[in-house]
Asks: 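One structure, as structure tokens, below. Some questions next.
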Protein chains: 2
Amino acid sequence: MTRAIQTKNEKLPDPVGFATHDHNDCIDTAIAAAETHCANNGVRLTPVRRKALEILLQEHRALGAYEILDRLRDAGFGSQPAVAYRALEFLVTNGSAHKIERLNAFIACAHSKVSHVPAFMICTECDSVAEVQSNLTNKAFGNAAHVAGFRIEQTTMEAVGLCPVCIDKSKT
Amino acid sequence: MTRAIQTKNEKLPDPVGFATHDHNDCIDTAIAAAETHCANNGVRLTPVRRKALEILLQEHRALGAYEILDRLRDAGFGSQPAVAYRALEFLVTNGSAHKIERLNAFIACAHSKVSHVPAFMICTECDSVAEVQSNLTNKAFGNAAHVAGFRIEQTTMEAVGLCPVCIDKSKT
DNA sequence: ACTTGCAATGTTATATCATCACATAGAAAT
DNA sequence: ATTTCTATGTGATGATATAACATTGCAAGT
């Protein structure tokens, strides 16, 4: 469950698509995207919110609110749950992060540039989480909703199972 | 949030497809289906489990574990959380009930006869929940998973929004 | 019939996740 | 400068969930 801290210029497998990628400046990019988005929408990416997003971006995995709270406190912010929950609510509302309902945890958005319906694959073995680009999926749900006369505001799509890495491990 | 108790021979709108249906013997039918399923799989539908399923079937809506626990206690069973959680885990594992992750609540399965991938529409206004028959939806998710090399074991698909009834209400 | 084994239940305690209410501080609007 | 509104900090509490262990009851093997 613990995971190595990301060091500079290192490439390691991470759960964005369960594939290796260069993590180096994806944090800066994502923060910049969030700032732009906030500016465009007349909301503020305050220090706590920004720090919370940074924390989520450090690791591409889902973090519990209290885990985030710990790190916010270490960074000099408030130490009560509401501090974390408020920052997270903001990030989720503004599309910079998603809540993984299955885990009661939060993860930085992996597709912050494009409008998308988030979908996730969650490994039961190593707890890694991959965000899937999946508008087709939503279309199918949308049909059912249309027939029923239901007006969708937000969808949650999460698959639990085994990631490729853990499938390999289980074979040996 | 409260909902009228179902009385005999009455037809009322309920959240199974947000449409009116005859509720009269759907409880008996579902219990019978669960019993058959248990017999076929060498597991036991014990009194607590059966009662928990009955409780869920009484209303076609999502009930929290503690709400179920209250009623189990009233029926003479144990009064501690584990009692409810264990019965619910059993029902979920055996397909007689589903957990609604968005609500941290449980609901009787509306399609207990057929194998299916559960999907739900949840009204933010009246808290009604409709189970959707939606294998197509899963196929789309399955494609993404296949490409990623992820082995899906279980999926959660939930849409929140407004049900037809509440859309109508909001128009007036 | 005994007893061994196992699944299910009950209970105590505690862990984990989340929100409410209210005070204070700081930015934006007038 | 004053007002207003948003954001933050804190204390208290609520809601959801599991761990650990004792007890019971049934069923298989002898």
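The sequence lines fix the lettering, A, B, ..., with proteins before strands; numbering per chain opens at 1.
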Asks: Is A:Ile122 reachable from A:Ile167 through a run of hydrophobic residues whose side-chain heavy atoms are each under 4.5 Å from the next?
Replies: no
Asks: So, does B:Arg86 get its side chain near the phosphate of C:dT9, meaning an N or O under 4.0 Å from OP1 or OP2?
Replies: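 Result: no.
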Asks: Would you say a side-chain N or O of A:Tyr85 is under 4.0 Å from OP1 or OP2 of C:dT19?
Replies: no
Asks: Report yes if a side-chain nitrogen or oxygen of A:Tyr66 is closer than 4.0 Å to either non-bridging phosphate oxygen (OP1 or OP2) of C:dC17; otherwise report no.
Replies: no
Asks: Round to the nearest Å and state the distance from B:Ile68 atom CD1 to D:dA17 atom P.
Replies: 10 Å
Asks: Rounding to a whole Å, what distance do you find between B:Phe90:CZ and C:dA8:C1'?
Replies: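 After rounding, the gap between these two atoms is 11 Å.
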Asks: Between B:Phe77 (CZ) and D:dT24 (P), how many Å, whole number?
Replies: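 B:Phe77 atom CZ is separated from D:dT24 atom P by 18 Å.
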Asks: Tell me whether the OP1 or OP2 atom of C:dA18 has a side-chain N or O from A:Lys99 closer than 4.0 Å.
Replies: yes
Asks: Specify the separation, in whole Å, of atom NZ of B:Lys51 and atom C1' of C:dT9.
Replies: 17 Å
Asks: Got A:Glu131 and A:Pro118 here, is their nearest side-chain heavy-atom distance under 4.5 Å?
Replies: yes
Asks: Between B:Ile27 and B:Phe106, is there a shared hydrophobic cluster once you connect ILVMFWY residues whose side-chain heavy atoms come closer than 4.5 Å?
Replies: yes
Asks: Is the phosphate of D:dG11, meaning OP1 or OP2, less than 4.0 Å from a side-chain N or O of A:Gln80?
Replies: yes
Asks: On DNA chain C, nearest-nucleotide positions of A:Glu101 versus B:Gly76: which is more 5'?
Replies: B:Gly76
Asks: Can you measure A:Arg44 atom CZ to D:dC5 atom P for me and round it to whole angstrom units?
Replies: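 Checked: the CZ to P distance equals 14 Å.
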Asks: Starting at atom CG of B:Leu69, determine the distance to atom P of C:dG10, rounded to an integer number of angstrom.
Replies: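 Whole-Å distance recorded here is 11 Å.
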Asks: Do the side-chain N or O atoms of A:Asn104 get closer than 4.0 angstrom to the phosphate oxygens (OP1, OP2) of C:dA18?
Replies: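 It does, given that an N or O in the side chain of A:Asn104 lies less than 4.0 Å from OP1 or OP2 of C:dA18.
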Asks: Between B:Asp74 and B:Arg71 (salt bridge meaning N to carboxylate O under 4.0 Å), is one present in this structure?
Replies: no
Asks: Taking only the side-chain nitrogens and oxygens of A:Thr46, find out if one of them lies under 4.0 Å from OP1 or OP2 of D:dT6.
Replies: no
Asks: Specify the separation, in whole Å, of atom CG of A:Leu45 and atom C1' of D:dT8.
Replies: 15 Å
Asks: Rounded to the nearest Å, what distance is computed from the CG atom of residue A:Leu88 to the P atom of nucleotide C:dT19?
Replies: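 For the pair A:Leu88 CG and C:dT19 P, the rounded distance is 11 Å.
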Asks: For the hydrophobic clusters of this structure (ILVMFWY residues joined by side-chain heavy atoms under 4.5 Å, transitively), does one cluster hold both B:Leu162 and A:Ile152?
Replies: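 No, B:Leu162 and A:Ile152 fall in different hydrophobic clusters.
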